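Here the structure comes first, spelled out in structure tokens, and everything after it is commentary.
Source: prediction; values computed, not measured. Every heavy atom of this structure was used, including side-chain atoms; hydrogens, water molecules and symmetry mates were not. Atoms within each ligand, like the ligands themselves, are counted from 1 in listed order. FYI, the numbering just counts along the sequence from 1.
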Amino acid sequence: MTQAKMMHLCGFLSSGPVVHSHAVWRNPHHETKFLTLSHYAEVARTLERGYFDFLFFPDRLAIGDRFGGSPEIGLKHADQDATRLDPVPILGALAAVTKHLGLGATRSTSYDAPYNLAREFATLDHLSDGRAAWNVVTSMNDAEALNFGDALHLGHAERYDRADEFMEVVFKLWDSWQEDALILDRQNGIYADPSKVHYVDYKGKWFKSRGPLNVPRSPQGRPIIIQAGASGRGKEFAARWSDVIFGLQPGVEQMRKFSADIRSALDAQGRPRSAAKVLMAIMPFVGHSRSEAQDKRDLHDSLIDPIVGLSTLGGHINEDFSTMPLDASISSLESQGTRGNLAALKSIGGGKSITLREAGQIYGRGVMCPRFVGTGADIAQEMIEIFKSDVADGFIVSPAFVPDAFQDFVDLVVPELQQRGYFRTAYNDRTLRNRLNS
Ligand SMILES: Cc1cc2nc3c(=O)[nH]c(=O)nc-3n(C[C@H](O)[C@H](O)[C@H](O)COP(=O)(O)O)c2cc1C
């Protein structure tokens with residue numbers, strides 16, 4: 001059976017000890033060598049064996065210290081910000097050990113410069129022959145601000161205004177070389193056609209850049225843009241600029257709402273629904289039998305400490321939970337960091353507000369990724385139901401252990417998706433952009 005529309009899959013990996021799951025580095029079966037290239041190369045090869053669309057690294061620009069005003073808890077037990085290698089050099093290295101896998105990473109519009117960013121991703125796009133993707137974030141908290149000389153993180157609306165301008169500059173820089181500007185006529189000594197390389201002369205409120213970029217137009221022209229805004233303003237931004245929109249919602253109903261909002265936001269931007277693929281995060285626990293899958297989940301969950309989860313949550317929403325009682329309800333919390341995450345967390349519990357302890361446990365287990373537990377066939381079926389109901393164009397696979405969870409997924413879930421006609425059995429597209437649009 002062949003299906004006209006195929007699912008898209010992204011492998012989610014952090015360049016540190018914790019992904020969404022805070023138990024990743026505590027894998028009882030083997031060390032997790034997140035400071036070595038071989039660790040990342042193994043994951044990339046596994047995902048390529050499973051025909052994933054792309055591998056993605058999130059990022060943050062500070063060790064967190066929101067919990068008690070100190071990094072102690074986060075460093076001692078490893079919260080999500082305890083360590084992050086810079087993901088972009090990792091992608092450069094992975095370009096050399098893969099041929100097809102898309103390569104995505106986060107960079108921040110609040111703490112980066114448009115020229116550097118445009119240059120970095122155009123370079124990655126050349127080196128990978130059209131597989132580069134940038135996840136645009138506005139960053140989350142004051143710890144990040146302090147590393148760049150600012151006392152406080154910019155306010156929510158200002159961050160997104162600055163991000164809009166950042167995107168305008170970056171797109172102009174990427175477009176500063178016309179497609180046919182590079183001549184490379186060795187015989188006549190003509191390198192490029194200067195009439196096809198342009199100043200951009202951008203002057204905005206936040207940024208000025210003269211251009212042109214000193215990197216010729218890359219295979220995708222503009223690398224793939226990913227975004228994950230979850231607030232109203234965030235979704236508007238995502239709908240304006242993105243090729244891929246990430247969602248992290250705790251259940252199918254919340255996914256449905258998120259997707260509907262994104263569609264309206266795309267409409268408001270005058271872009272068709274197909275212009276941006278919506279990928280929803282899931283955390284699979286796959287076994288040869290259901291009981292094996294449940295055992296994997298239980299072992300994983302036994303390694304979670306709710307306090308470390310709260311340390312990460314505090315960093316995400318810019319709040320100190322250290323003096324609040326663990327049995328307090330989260331209903332009155334407000335966020336100065338990411339708004340969507342807190343709203344999603346409040347939606348858990350079916351009308352009854354969860355406590356801080358429960359929030360810490362949920363965050364520690366997997367931030368809020370819905371967990372799919374079962375055989376390959378069970379999990380494939382669950383994914384297909386969501387995909388068929390048009391809630392998502394695909395999924396972000398967030399691992400419980402690395403590389404174990406990716407290996408299980410590729411060996412047990414991917415064949416089931418392929419057999420049912422919902423996932424590719426070969427790579428047929430040259431660039432990541434072509435693959436996402438096919
Ligand atoms: C799958 C996924 C990946 C994300 N990756 C990052 C990241 O790497 N760095 C970051 O600062 N924020 C990251 N975010 C957070 C978003 O960029 C955004 O700040 C958040 O969804 C809240 O947006 P809002 O302020 O519009 O609610 C991610 C969110 C999701 C759902």
Side-chain angles (χ1 to χ4, degrees), residues 9-16 18-21 54-62 64 80-81 84-88 90-91 104-112 133-145 147-148 153-164 166 225-242 244-250 254-255 258-259 261-262 265 277-283 312-313 315-318 334-347 363 366-370 392 394-399:
L9 290 180
C10 158
F12 192 98
L13 180 64
S14 287
S15 46
V18 168
V19 186
H20 289 111
S21 157
F54 64 103
L55 166 63
F56 167 73
F57 289 92
D59 199 22
R60 196 101 70 242
L61 297 166
Q80 217 183 31
D81 296 339
R84 306 261 189 177
L85 303 189
D86 186 331
V88 176
I90 300 177
L91 293 185
T106 291
R107 282 284 194 242
S108 169
T109 55
S110 297
Y111 303 113
D112 218 311
W134 167 35
N135 177 38
V136 185
V137 302
T138 61
S139 293
M140 289 194 177
N141 57 43
D142 297 341
E144 296 179 284
N147 286 342
F148 294 85
H153 193 35
L154 278 178
H156 195 260
E158 262 184 317
R159 285 208 301 275
Y160 277 114
D161 289 347
R162 180 184 158 110
D164 273 326
F166 195 111
I225 301 296
I226 308 169
Q227 226 279 323
S231 61
R233 181 68 177 90
K235 284 176 188 144
E236 181 191 317
F237 178 84
R240 177 169 175 200
W241 298 106
S242 315
V244 172
I245 296 179
F246 280 168
L248 196 163
Q249 296 294 328
Q254 292 98 329
M255 288 182 196
F258 178 87
S259 234
D261 288 353
I262 291 291
K277 309 292 173 211
V278 177
L279 306 189
M280 294 289 183
I282 59 168
M283 184 180 287
T312 293
L313 175 61
H316 283 190
I317 69 171
N318 221 358
E334 283 187 13
S335 173
Q336 286 312 313
T338 86
R339 296 196 176 162
N341 283 29
L342 184 59
L345 202 54
K346 285 182 178 177
S347 75
Y363 238 69
V367 179
M368 271 178 295
C369 288
F395 297 89
I396 302 162
V397 176
S398 185

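- Contacts between Phe12 and ligand 1 below 4.0 angstrom, taking non-hydrogen atoms only, involve the side chain exclusively.
- Ligand 1 places these atoms under 4.0 Å from at least one heavy atom of Gly229: 23 (O), 26 (O).
- Residue-to-ligand polar distances keep Glu144 apart from ligand 1: every N/O pair is separated by 3.5 Å or more.
- With a 4.5 Å cut-off on side-chain heavy atoms, Leu313 and Leu345 count as touching.
- With Asp81 contributing its side chain and Gly315 its backbone, the two residues share no donor-acceptor pair below 3.5 Å.
- Formation of a donor-acceptor pair under 3.5 Å by the Gln80 side chain with backbone atoms of Val19 is found in this model.
- Near Ser231, with a cut-off below 4.0 Å to any heavy atom, the atoms of ligand 1 are 24 (P), 25 (O), 26 (O), 27 (O).
- Among the atoms of Ala230, some N or O lies under 3.5 angstrom from an N or O of ligand 1.
- Residue Tyr160 touches ligand 1 through its side chain alone, judged by heavy-atom distances below 4.0 Å.
- Contact annotation for His156 and ligand 1: only side-chain heavy atoms (C-beta onward) come within less than 4.0 Å of the ligand.
- Without hydrogens or angle criteria, Arg162 side chain to Thr109 main chain gives a donor-acceptor distance under 3.5 Å.
- Here the side chains of Phe57 and Thr106 are not in contact, with every heavy-atom distance at 4.5 Å or above.
- By the criterion of a heavy-atom distance under 4.0 Å, the side chain of Asn135, and not its backbone, is placed next to ligand 1.
- Of the heavy atoms in Thr106, only side-chain atoms (C-beta onward) come closer than 4.0 Å to ligand 1.
- Scored by the ring pair (Phe, Tyr, Trp, His ring centres under 6.0 Å) test, Phe166 finds Trp134, Phe207 as partners (sequence neighbours excluded).
- A search for ring pair (Phe, Tyr, Trp, His ring centres under 6.0 Å) contacts involving Phe246 returns Phe56, not counting sequence neighbours.
- The Leu248 neighbourhood of ligand 1 comprises atoms 31 (C), with distances under 4.0 Å to a heavy atom of that residue.
- Looking only at atom types and distance, the side chain of Ser108 has a donor-acceptor partner in the side chain of Ser139 under 3.5 Å away.
- Contacts with ligand 1 closer than 4.0 Å are made by side-chain heavy atoms of Arg60 only, the backbone lying farther away.
- In this structure, Ser110 contributes its side chain and Thr138 its backbone to a donor-acceptor pair below 3.5 Å.
- Atom 29 (C) of ligand 1 has its nearest heavy-atom neighbour, among Ala163, Cys10, Ala228, in Ala228.
- Numbered from 1 in the order shown, with element, the atoms of ligand 1 that lie under 4.0 Å from a heavy atom of Gly234 read 26 (O).
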